[in-house]
Amino acid sequence: MPMLSFLVRRLLQTIPTVLAVVLLVFVLFSVVPGSIASSMSDDVDPQVELRLKQQLGLNDPVYTRFGNYIAKLAVGDFGTSFRTREPVTSMIAKRAWPTLELIVTAMAFSVLLGVPLGFIAALRPGGIVDTLAMVVAVSGLSIAKFWLGLVLMYAFALKLGWLPSFGYGDGGLNYLLLPAVTLGVSPMALFARTTRAAVLEIMTADFVRTARSKGMNETRVVKWHVMRNALVIILTTVGLQFGGLMGQAVVVEKLFSWPGIGSLLVDSVLQRDIPAVQGSILVVVLAFLAINLLIDLLYGVIDPRIRYG
Amino acid sequence: MIKSLIRIPALLGDHMMFRMIAIVAGMALALGGSAEAQTPRKGGTIRMTAPYGSSFTSLDIHTTPRSQDEIYAKALHRSLYIWDSELGKPVLELAKEHVVSGGGFVHTFKLRDDAYFHNGRKMTADDIIWSYNRIMDGTKAYPGARYVRIIEGAAAVEKGQAKEISGLKKIDDFTVEMKLTEKVDPGFYFFTALTSIYPADEAVKDSFIQHPVGLGPFKFVEHVPGSRIVMERWDRFYKPGKPYADKVIVSVMGEAAARDVAFRNKEIDTSVLGPAQYVAYQADPNLKGTIAEVAEVFTRYMGMNPAFKPFADKRVRQAINYAIDADLIINKLVKGKAYRATSWLPLTSSAYDKTMKPYPYDPAKAKQLLAEAGYPSGFEFEWTTSQNESWGLPIVSAVIPMLDKVGIKAKVKQVEVAVLAEVVRTGDYQAFIYSQQTGPDPQAALKCFHSSTPPSACNYTNFKNAEFDKIMDDAGQADDDARRTELLKQANALLYEEAPVWFFNYNKAVMAVQPWLHGVQLNATEMTHQNVEDLWVDETSPAK
């Protein structure tokens with residue numbers, strides 16, 4: 001029961017967050033200069049432009065447009081794209097799977113590499129492994145994704161010929177690897193650093209010292225006390241990074257011609273396709289909130305001391 | 001990067017022959033005579049790229065004027081006319097014969113009786129009439145309305161005053177009569193994909209937007225939004241033996257660096273090159289032979305607002321033209337990927353005057369003109385620019401010190417390309433730098449400076465000159481091509497003298513073409529727009 005009430009409370013809390021995001025995006029795109037008509041061509045026919053603005057309701061007052069948008073949103077209608085004249089929900093649906101594939105693979109890569117790296121580094125602080133791991137971590141955090149993507153393309157596609165340099169292909173793993181690794185390097189580095197710091201702190205905690213003094217062997221201490229406690233911190237980082245990855249995917253998707261929500265968002269912003277921008281951002285925000293809610297729920301599973309109050 | 005995307009229609013009577021001159025500087029082996037002499041091979045896959053930034057806008061090509069979208073549309077759709085790069089003019093495509101009567105206003109088209117839509121149905125006059133009526137639906141604001149509006153009664157449909165275009169008449173299933181409002185060549189109005197002919201029965205269905213049906217040499221297979229469009233050969237295409245390839249894939253690749261890797265890795269057959277890559281490819285013996293280039297009909301310039309006091313004086317505008325070393329910028333910054341502009345009309349224009357010389361770099365003359373105009377110490381202005389590498393901030397940054405030398409201070413106002421387009425049309429600037437389509441029809445390009453053309457159309461510098469208007473009006477009345485060309489040359493020369501803009505350069509479009517791809521056309525209206533049925537790949541292509 002406490003978990004259910006926690007869940008309901010958290011779901012209710014998302015409503016003002018979502019509304020705030022919707023309002024913010026709407027206001028932003030109401031004040032920035034440029035319109036779909038001007039973005040379509042540098043030589044648009046004035047008569048066509050006038051009609052286009054009328055058709056899309058761009059000449060209506062802002063409050064009317066916002067009211068219409070909210071009314072549609074309330075029934076799950078994200079509106080119709082100014083560019084493609086398709087329902088925005090359908091556009092997002094087509095792009096959701098590639099983005100999910102990319103983010104999940106990038107996250108898997110970063111967790112599977114970063115967490116063990118951080119653990120190993122923390123177990124022998126100041127050693128060669130620790131130093132190397134932290135050099136990798138700091139580099140991973142510092143490297144620009146665009147540059148890294150190009151280097152990976154050059155190395156693995158052009159020089160080694162192992163992987164295709166761009167595109168979605170048939171959706172196979174060979175097309176996914178380069179963009180996922182490009183996207184995953186930075187969170188991998190963060191996981192390594194976070195894990196190292198968490199493990200180092202836990203290793204000196206009273207309950208670890210107690211476990212050791214009771215004669216528990218080091219493997220069991222690490223497995224049952226250190227790892228389990230570090231997992232809460234790692235999980236929190238995963239939740240936060242998920243949202244970060246959705247944002248960073250914008251660059252990676254554009255670079256690799258990956259057909260995800262990130263590239264849809266960039267195209268929509270550049271062409272002032274306001275319904276598509278609003279829809280894309282809303283989906284990203286909802287996904288971020290959902291993941292973080294899920295992680296909050298997982299805390300209780302990992303650490304029984306955490307209660308849903 | 002957004003290029004100029006709308007085609008400027010002709011405003012004259014009989015169109016002039018669009019001469020291709022000074023086009024080819026370095027040609028790929030793929031385009032060379034030896035390759036062309038080979039027998040085209042049937043089969044294979046052509047892998048083109050759509051390099052202009054964003055995803056394809058729509059699969060309904062009537063809704064989008066972007067160059068990016070016309071790349072795939074050239075494979076999927078057909079219009080009444082088609083651009084012939086070799087002749088440098090639009091030629092009949094869906095009609096076999098064209099008869100002009102009624103004092104040059106009535107055009108009767110004998111349509112092909114062998115053109116089949118991808119759903120297997122034969123095209124008839126009804127499809128032509130239906131498509132043009134659709135484009136004129138005022139509630140939908142189709143961009144192609146600017147062209148179809150030339151047909152009598154089309155404007156009434158657009159305004160909702162009539163249901164059908166009165167100037168379009170079906171004579172029989174394969175004959176259409178078109179009455180125009182002006183004595184013009186309809187070819188310039190009906191060759192772009194914006195006026196593609198749709199199958200009336202299919203296009204009304206909701207599914208059409210997801211699965212378009214056209215008359216082109218390739219039929220739609222798949223669209224992965226943001227990534228690619230795949231099309232396969234339409235076996236009932238009306239040109240015997242064509243298309244050659246089995247499949248065409250057009251990949252969206254906005255990032256030049258990613259395109260470069262993919263091209264070197266032989267994953268794509270064509271790539272558009274920017275200035276930096278142009279230099280790199282020329283320097284690389286393995287890539288030099290892949291370069292194909294053409295002088296496109298785009299003029300890059302700095303527009304000056306006459307409402308800003310200093311720019312109202314012709315001497316100030318001329319001084320700016322003298323003060324800037326355009327050749328230096330083209331050579332060092334644009335890396336030679338442009339032709340120096342003399343006046344407005346580009347090299348490939350039939351009214352381009354080869355004897356005309358560009359403004360020389362002469363700071364002393366600039367200072368003298370400024371002093372005569374009452375600005376011996378110069379003045380300050382705000383220069384609105386985008387980030388475009390060929391006609392944006394990098395160019396502005398190079399020009400500023402040159403202007404500074406003659407006492408003119410420029411403050412940069414940087415905006416997005418989409419915003420710049422709006423700024424330019426609303427006149428909310430002191431100066432701007434831009435790229436504008438200046439062809440294929442010289443009359444239409446120059447008409448932008450006629451006082452009757454509003455700034456919101458294409459008279460962005462709000463140019464008004466009675467002498468210019470008279471020359472242009474005379475050119476519009478001229479029945480003789482040679483006379484008309486002479487008048488247009490005069491108008492172009494007058495623009496040079498009046499200098500409403502700083503004449504910077506004409507775009508040199510550069511495309512890298514893999515050696516196994518043959519039949520690439522040097523399309524001066526837009527290099528990436530290829531008549532795909534003429535392309536073929538030989539057996540050395542790594543694509544299946």
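This one's a predicted model, so the numbers in the text were calculated from it and none came from an experiment. In the text below, chain A, chain B and the rest are named by the order of the sequence lines, each starting its count at 1.
Contacts between B/Val252 and chain A at a heavy-atom distance below 4.5 Å involve the backbone alone (N, CA, C, O). Neither the backbone nor the side chain of B/Leu59 comes within contact range of chain A; no heavy atom of the residue lies under 4.5 Å from a heavy atom of that chain. Residue A/Leu158 touches chain B through both its backbone and its side chain, counting heavy-atom pairs closer than 4.5 Å. B/Arg259 does not touch chain A: none of its heavy atoms, backbone or side chain, sits under 4.5 Å away. The part of B/Arg228 that comes within reach of chain A is its side chain, from C-beta onward, which places non-hydrogen atoms under 4.5 angstrom from that chain. Heavy atoms of A/Phe256 lying under 4.5 Å from chain B are absent altogether.
With a 4.5 Å cut-off on side-chain heavy atoms, A/Phe166 and B/Glu255 do not count as touching. At a threshold of 4.5 Å between non-hydrogen side-chain atoms, the residues A/Pro164 and B/Glu267 count as touching.
Atom OG of A/Ser165 is separated from atom NZ of B/Lys266 by 12.5 Å, given to the nearest 0.5 angstrom. Atom CG of B/Asp260 and atom OH of A/Tyr154 lie 10.0 Å apart (nearest 0.5 Å). One distance of note links CD of A/Gln271 with OG of B/Ser54; it measures 4.0 Å at 0.5 Å rounding. Within the model, atoms OG1 of A/Thr84 and CD1 of B/Ile209 stand 6.0 Å from one another, a figure rounded to the nearest 0.5 Å.
Contact record, B/Ser227 with A/Gly167: OG-CA, 4.2 Å, taken as the closest heavy-atom pair. The heavy-atom pair separating A/Leu255 from B/Ala258 by the smallest distance is O-CB, 3.5 Å.
Heavy atoms of other residues, nucleotides or ligands lying less than 6.0 angstrom from NZ of B/Lys247 number 12 at most.
Between the side chain of A/Arg85 and the main chain of B/Lys140, a donor-acceptor pair closer than 3.5 Å is present.
The pair A/Arg272-B/Glu416 meets the salt-bridge criterion, with a side-chain N (NZ, NE, NH1 or NH2) lying under 4.0 Å from an Asp/Glu carboxylate O.
With sequence neighbours excluded, the residues that form a ring pair (Phe, Tyr, Trp, His ring centres under 6.0 Å) with A/Phe26 are A/Phe66.
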Distance-only donor-acceptor pairs under 3.5 Å for side chains of residues 91-109 of chain A, two or more places apart:
from, atom 1, to, atom 2, distance (Å)
A/Lys94, NZ, A/Glu86, OE2, 2.7
A/Lys94, NZ, B/Gln210, OE1, 3.0
A/Arg95, NH1, A/Gly260, O, 3.1
A/Arg95, NH1, A/Ser263, OG, 2.9
A/Arg95, NH2, B/Ser55, OG, 3.3
A/Trp97, NE1, A/Glu101, OE1, 3.4
A/Thr99, OG1, A/Arg95, O, 3.3
A/Thr99, OG1, A/Glu253, OE2, 2.9
A/Thr99, OG1, A/Ile261, N, 2.6
A/Glu101, OE1, A/Tyr168, OH, 2.8
A/Thr105, OG1, A/Glu101, O, 2.5

